[in-house]
Amino acid sequence: MEKWTENNAHRALFFQHLGQTSPEPMGLEIERAEGVRLFGPQGKSYMDLISGVGVSNIGHGHPKVVDAIWEQAGAYSHLMVYGEFIQAPQVKYAELLTSQLPEPLKSVYFVNSGSEAVEAALKLAKRLTGRRELIGCKHAYHGSTHGALSLIGDESFKQPFRPLLPAVQQIRFNHIEDLALISAATAAVLVEPVQAEAGVVLPQAGYLEALQERCRQTGALLIFDEIQTGFGRTGALFAFQKYGVVPDMLCLAKALGGGMPLGALVTGPDLMKAWQSEPALGHITTFGGHPICCAAGMAALEVILAQNLSEEAEEKGQWFREHLAGHSRILDMRGAGLLWACRLSSEEEAKNFVRVAAEEGIILDRFLFCGSAFRISPPLTIDFQEIDDACTLIVKALERI
Ligand code: PLP
């Protein structure tokens with residue numbers, strides 16, 4: 001561990017005073033970040049190939065985002081709990097976001113994080129349907145709060161925290177036969193249209209259509225979690241747009257805030273109205289839709305749209321594939337756009353590889369539910385020269401394990 005961590009002044013304090021849940025944190029100190037590069041003490045430079053796990057889709061320190069933050073901080077910061085005052089950054093961002101989404105996804109409820117977006121969706125689905133049962137997929141990750149945790153697809157994460165939400169069932173992603181579990185008792189089915197932490201599992205042809213059809217037959221609401229796959233990551237602004245299946249509710253976070261903490265539940269205005277009665281104030285957030293976060297997120301989305309970064313992600317992803325797919329250590333490369341899972345021969349090997357890669361100056365990571373693979377999900381602004389450089393370093397690191 002000592003080998004791949006920086007020897008810096010804050011290291012001891014980091015372990016002494018910061019609550020840790022990872023038994024082996026990367027422990028790299030970063031002083032500055034720009035574009036795809038992170039800079040540590042003594043001038044050490046790293047290439048960020050994971051975008052803070054799907055957050056920094058337009059890279060670090062983008063001038064448009066920095067300007068938007070300064071400007072909004074100068075005007076006002078937090079004013080009032082969410083939804084009471086008319087705050088231009090929230091309104092303008094909701095308008096831009098929904099202009100990119102099909103019907104019925106025209107109403108946005110801002111929160112602070114992905115877990116909170118999921119909580120909001122689950123609650124609203126129960127309120128709307130009067131049903132209690134919720135269905136999630138095996139190997140899905142939706143967050144660490146009690147509700148979101150109840151829906152994730154890995155028992156080892158959940159068992160120590162039971163009792164969780166009752167009446168939760170699990171189906172296998174891409175198994176059409178499991179859709180029979182969705183019934184007239186089901187309030188909602190929560191699905192990542194591309195499963196991220198499972199190791200980038202794409203939906204098979206016809207699966208999402210069949211899922212939606214079953215939801216329609218039974219009156220269950222279909223919720224897509226695009227917290228990790230949104231904002232151009234998979235080669236479309238949102239992954240569901242590639243597959244032509246529009247959910248009843250969409251959960252967003254991560255890149256939504258352009259590097260600031262922001263989450264959102266997007267649904268139809270008719271459905272969103274249910275928050276206002278039985279009970280009124282059916283959901284409350286103090287900081288949700290923080291004006292500075294909305295200003296930053298909107299600036300980031302404008303960059304994604306102006307530079308066609310979603311479309312570019314497809315071509316750039318293929319460039320990574322061309323460089324790496326033939327490497328003897330990589331058993332399999334699965335992905336879409338700029339979200340790739342590269343499978344090595346074992347969890348131990350992948351773990352070791354991520355450490356060696358950091359020594360070589362590239363930041364990579366594994367997946368929660370696919371430990372033998374490492375992820376490649378760089379800022380969408382990465383250029384082709386940077387991809388060449390990154391792949392050279394990846395190959396160098398692969399040769400050292
Ligand atoms: N859903 C997905 C698909 C995620 O990848 C994550 C976080 O990694 C979450 C939900 C939870 O988001 P947050 O950590 O912002 O609560």
Side-chain angles (χ1 to χ4, degrees), residues 19 21-22 26 50-57 109-123 125 134-154 157-158 161 164-165 168 170 173 188-203 208 222-234 238-240 247 249-266 283 285 287-290 293-294 296-297 300 335-341 364-371 373-377:
T21 63
S22 167
M26 287 182 175
I50 56 172
S51 311
V53 186
V55 172
S56 321
N57 282 13
Y109 187 97
F110 283 117
V111 288
N112 304 283
S113 67
S115 300
E116 286 173 77
V118 169
E119 296 293 335
L122 299 179
K123 273 179 67 183
L134 297 163
I135 294 186
C137 282
K138 293 202 186 295
H139 305 126
Y141 183 73
H142 298 296
S144 276
T145 51
H146 270 82
L149 180 64
S150 302
L151 270 289
I152 73 171
D154 183 283
F157 267 77
K158 300 201 279 193
F161 306 106
L164 295 171
L165 285 181
V168 171
Q170 299 267 283
F173 188 69
V189 185
L190 173 63
V191 174
E192 298 164 89
V194 170
Q195 283 200 306
E197 292 303 321
V200 195
V201 181
L202 306 180
L208 294 178
L222 179 59
I223 307 170
F224 279 170
D225 174 344
E226 289 238 28
I227 288 163
Q228 193 164 155
T229 51
F231 296 92
R233 177 56 56 197
T234 67
F238 299 101
F240 77 80
M249 298 185 194
L250 179 66
C251 295
L252 302 173
K254 290 191 183 277
L256 172 72
M260 299 291 277
L262 190 63
L265 163 64
V266 189
H283 206 65
T285 168
F287 282 119
H290 191 285
C293 303
C294 283
L338 275 170
L339 179 60
W340 286 94
L364 294 163
D365 196 9
R366 296 185 302 142
F367 293 89
L368 275 177
F369 307 132
C370 184
F374 67 89
R375 84 178 75 212
I376 299 178
S377 57

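Indexing begins at 1, ligand by ligand and atom by atom, following the structure's order. All values reported here derive from a predicted model rather than from experimental measurement.
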Mind telling me whether Phe157 and Tyr141 have parallel, tilted or perpendicular rings, with 30° and 60° as the class edges?
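Geometry flag for Phe157 against Tyr141: perpendicular rings.
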
Please work out which of the three classes, parallel, tilted or perpendicular, describes the rings of Phe238 and Phe231, given edges at 30° and 60°.
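Aromatic pair Phe231/Phe238 classed perpendicular.
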
As a quick check of understanding, evaluate side-chain contact (heavy atoms from CB on, under 4.5 Å) for Val200 and Val194, giving each step before the final call.
CA-CA 6 Å; Val200 195; Val194 170; 4.2 Å; yes

Just let me know how Glu192 lines up against ligand 1, side chain, backbone, both or neither, with a heavy-atom cut-off below 4.0 Å.
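Just the side chain.
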
Indicate, as side chain, backbone, both or neither, the part of Ala253 found under 4.0 angstrom from ligand 1 when only non-hydrogen atoms are considered.
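Neither part.
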
Over all atoms of both residues, closest heavy-atom pair of Pro193 and Leu208
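Closest pair (atom of Pro193, atom of Leu208, distance): CB-CD1, 4.0 Å.
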
Polar contact flag for [X] and ligand 1 (N/O pairs, less than 3.5 Å):
X: Glu116; result: no
X: Gly114; result: yes
X: Glu197; result: no

Heavy atom of the protein closest to atom 4 (C) of ligand 1 (residue, atom name, distance):
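Going by distance alone, atom 4 (C) of ligand 1 is nearest to Tyr141 CD2, 3.7 Å.
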
Do me a favour and list the nearest non-hydrogen protein atom to atom 1 (N) of ligand 1 with residue, atom name and distance?
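Here the closest protein heavy atom is Asp225 OD2, 2.7 Å.
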
Let me see the working for Tyr109 and His283 under ring pair (Phe, Tyr, Trp, His ring centres under 6.0 Å), right down to the final yes or no.
CA-CA 10 Å; Tyr109 187 97; His283 206 65; 5.5 Å; yes

Just which atoms of ligand 1 are under 4.0 Å from any heavy atom in [X]?
X: Lys254; result: 4 (C), 5 (O), 6 (C), 7 (C), 8 (O)
X: Ser115; result: 11 (C), 12 (O), 13 (P), 16 (O)
X: Gln228; result: 5 (O)

I want to confirm something. Looking only at heavy atoms, which of Thr145, Ile227, Asn112 is nearest to atom 9 (C) of ligand 1?
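Residue with the shortest heavy-atom distance to the ligand atom: Ile227.
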
Single hit among Glu192, Glu197, Lys254 for side chain to side chain donor-acceptor pair (under 3.5 Å) with Gln228:
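Option passing the side chain to side chain donor-acceptor pair (under 3.5 Å) with Gln228: Glu197.
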
Quick check: does any side chain N or O of Glu116 sit under 3.5 Å from a backbone N or O of Val111, one acting as donor and the other as acceptor?
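A pair under 3.5 Å: no.
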
Within-4.5 Å side-chain heavy-atom neighbours: Leu262 and Phe110:
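Yes; the side chains approach each other to less than 4.5 Å.
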
